[in-house]
Amino acid sequence: MACSSPSSPDGEGGYATAAATVVSLALAVTVAALAGSGVAELRSARADMRRMQAEYGLGGAHVMADQTVIADGQGRRMRWRFDIAAGQVEALAEPEAGKLDYETAASLDDAAFGRLGVRDAAALRAKLVTLAKTHSGTLASLVGSDAAPGWRRCAPSVVSRVGRADKPSLSAAVAPSPRPGSSRAGEVWRVRLSLGGWTEDRIVRFTGDLNHPAAIIDRSLYRAEGEDRCETLVN
C-alpha cells in the first residue's frame with residue numbers, strides 16, 4: 001500500500017495516502033461483491049439440486065401411484081400415503097370427468113368463488129372464458145388465474161378441461177381398494193404427489209398398455225406447504 005514517509009513534508013507522517021485508501025476500499029468492495037455473488041450462486045445451485053432430487057423422487061413415485069389408481073376398484077377420489085427411499089409420499093388422485101369444465105366454472109356465482117377466497121369474481125370469470133375459448137387450460141394457467149390461496153390450492157380439484165359435472169362438488173377422499181381385473185383405460189385422472197415440501201401435479205390418461213400405463217397430459221412441479229382444506233371450502 002502506498003504511504004507517505006514519516007518525515008513527509010505534507011504532514012501525513014507515515015499514514016496511507018488518500019489515493020491508497022480509495023484503492024483499498026475499492027478492492028474491499030470488489031472482494032465483498034465477488035464473495036456475495038459466489039454465495040448466491042452456491043445457494044442457487046443447491047436449490048436446483050434439491051429441486052432435481054425432488055423431481056426425480058416424485059417421478060418414480062408417480063409410477064407407483066398410477067399403478068395404485070389403475071388397480072383401484074372404486075373410481076372415486078382417493079388419498080393415501082406410501083413410502084419411497086426419499087421419504088413418505090402424500091398422494092391425491094381424482095377422476096377429471098367429475099369436475100367442471102372451464103365454461104361451466106365461469107358461470108359459478110360470487111358465493112362459490114368467495115368460499116375459495118376470490119375477491120374479483122368477474123375478472124376470474126373472464127379469464128376462465130378465455131381459457132375455454134383458447135383451449136389453453138393447463139394446470140399452471142388455471143392456478144394462476146387468481147391469486148387467492150384457496151383458489152390456487154383447490155381449483156385443480158374443481159375445474160378440468162375434460163370435466164363433465166354441472167356443479168362443484170368434492171366427495172370425501174377414500175383409501176385405495178384394489179380389485180382384480182380393474183382397468184382405467186381411456187380415463188383421465190389428476191394425480192398429485194407431495195414429498196419433502198415439493199408437490200408434483202399431473203394430469204394423466206390411462207392407456208391400458210402394460211408397458212406404458214399412463215400418458216402425461218400436463219404436469220406442474222411447485223413448492224407447497226399447509227393443510228388441504230378443499231373439501232371444506234368447496235362443499
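Numbering of residues begins at 1 and proceeds along the displayed sequence.
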Looking only at heavy atoms, which two atoms of Y102 and A132 are closest? And how far apart? CB-CB, 3.6 Å

Is there a continuous path of hydrophobic side-chain contacts, each under 4.5 Å between heavy atoms, that joins I216 to V191? yes

Quick one: does any side-chain atom of S141 pair with a main-chain N or O of S136 as donor and acceptor, under 3.5 Å? yes

Are L221 and L193 co-members of a hydrophobic cluster defined by side-chain heavy atoms under 4.5 Å apart? yes

Mind checking whether V143 and Y222 sit in one hydrophobic cluster, side chains of I, L, V, M, F, W, Y counted as touching below 4.5 Å? no

With rounding to the nearest 0.5 angstrom, report the CG to OG distance, L92 to S194. 8.5 Å

With a 4.5 Å cut-off on side-chain heavy atoms, are D146 and L116 touching? no

Quick check: closest heavy atoms across P213 and L210, and the distance to 0.1 Å? CD-O, 3.8 Å

Donor-acceptor contact present, side-chain K99 to main-chain P156, <3.5 Å: yes

Atom of W189, atom of G75 and distance for their closest heavy-atom approach: CH2-C, 3.9 Å

Single hit among V118, D110, T130 for side-chain contact (heavy atoms from CB on, under 4.5 Å) with R125: D110

Could you grab the distance from atom CG of D201 to atom CD1 of I203, nearest 0.5 Å is fine? 6.5 Å

Could you tell me if S160 and E96 have a donor-acceptor pair between their side chains, going purely by distance under 3.5 Å? yes

Output for pair (F206 CZ, I70 CD1), nearest 0.5 Å, gives 5.0 Å

Are L58 and Y56 side-chain neighbours, meaning at least one heavy-atom pair lies under 4.5 Å? no

Is the shortest side-chain heavy-atom distance between R223 and W198 below 4.5 Å? yes

Decide yes or no for V188 and I217: does some side-chain heavy atom of the first lie under 4.5 Å from some side-chain heavy atom of the second? yes

Thinking salt bridges, do K127 and D120 make one under a 4.0 Å N-O criterion? no

Quick one: which of R190, R192, R76 gives a side-chain hydrogen bond (donor to acceptor under 3.5 Å, both in side chains) with E94? R190

Residues, nucleotides or ligands: over 12 heavy atoms within 6.0 Å of Q74 CD: yes

Keeping T199 on the side-chain end and L195 on the backbone end, is there a donor-acceptor pair under 3.5 Å? no

Before you tell me yes or no, could you show the steps for T104 and S107 under side-chain hydrogen bond (donor to acceptor under 3.5 Å, both in side chains), namely the whole-Å CA-CA distance, both residues' side-chain angles and the distance that decides it to 0.1 Å? CA-CA 5 Å; T104 305; S107 68; 5.5 Å; no

From R79 atom CZ to E90 atom CD, the distance as rounded to the nearest 0.5 Å: 8.5 Å

Correct closest heavy-atom pair for S182 and G73 would be OG-CA, 3.6 Å

Are the side chains of V89 and R81 in touch, meaning some heavy atoms are under 4.5 Å apart? no

All salt bridge (Lys or Arg N to Asp or Glu O under 4.0 Å) counterparts of E200, not counting sequence neighbours: R202, R219

Look up atom CG in N235 and atom CZ in R115, then write down how far apart they are to the nearest 0.5 Å. 8.5 Å

If hydrophobic clusters are built by linking Ile, Leu, Val, Met, Phe, Trp and Tyr wherever their side-chain heavy atoms come under 4.5 Å apart, do V159 and L131 end up in the same one? yes

Test V129 against E103 for side chain to side chain contact (heavy atoms under 4.5 Å, CB included), laying out the working first. CA-CA 6 Å; V129 169; E103 282 191 274; 6.0 Å; no

Before giving the answer on side chain to side chain contact (heavy atoms under 4.5 Å, CB included), spell out for Q88 and F82 the whole-Å C-alpha distance, their side-chain angles and the decisive distance to 0.1 Å. CA-CA 6 Å; Q88 188 174 72; F82 61 96; over 6 Å; no

Sole residue of L108, D101, L142, L100 in side-chain contact (heavy atoms from CB on, under 4.5 Å) with L128: L142

Sort out for me which residue in R77, R184, R179 forms a salt bridge (charged side-chain N to carboxylate O under 4.0 Å, His left out) with D72. R184

Inter-residue atom distance L124.CG - W151.CH2, 0.5 Å rounding: 4.5 Å

Which heavy atom of G117 sits nearest a heavy atom of A148, and at what distance? O-CB, 3.3 Å

Shortest non-hydrogen separation from L170 to S157 and the atoms involved: CD2-O, 3.3 Å

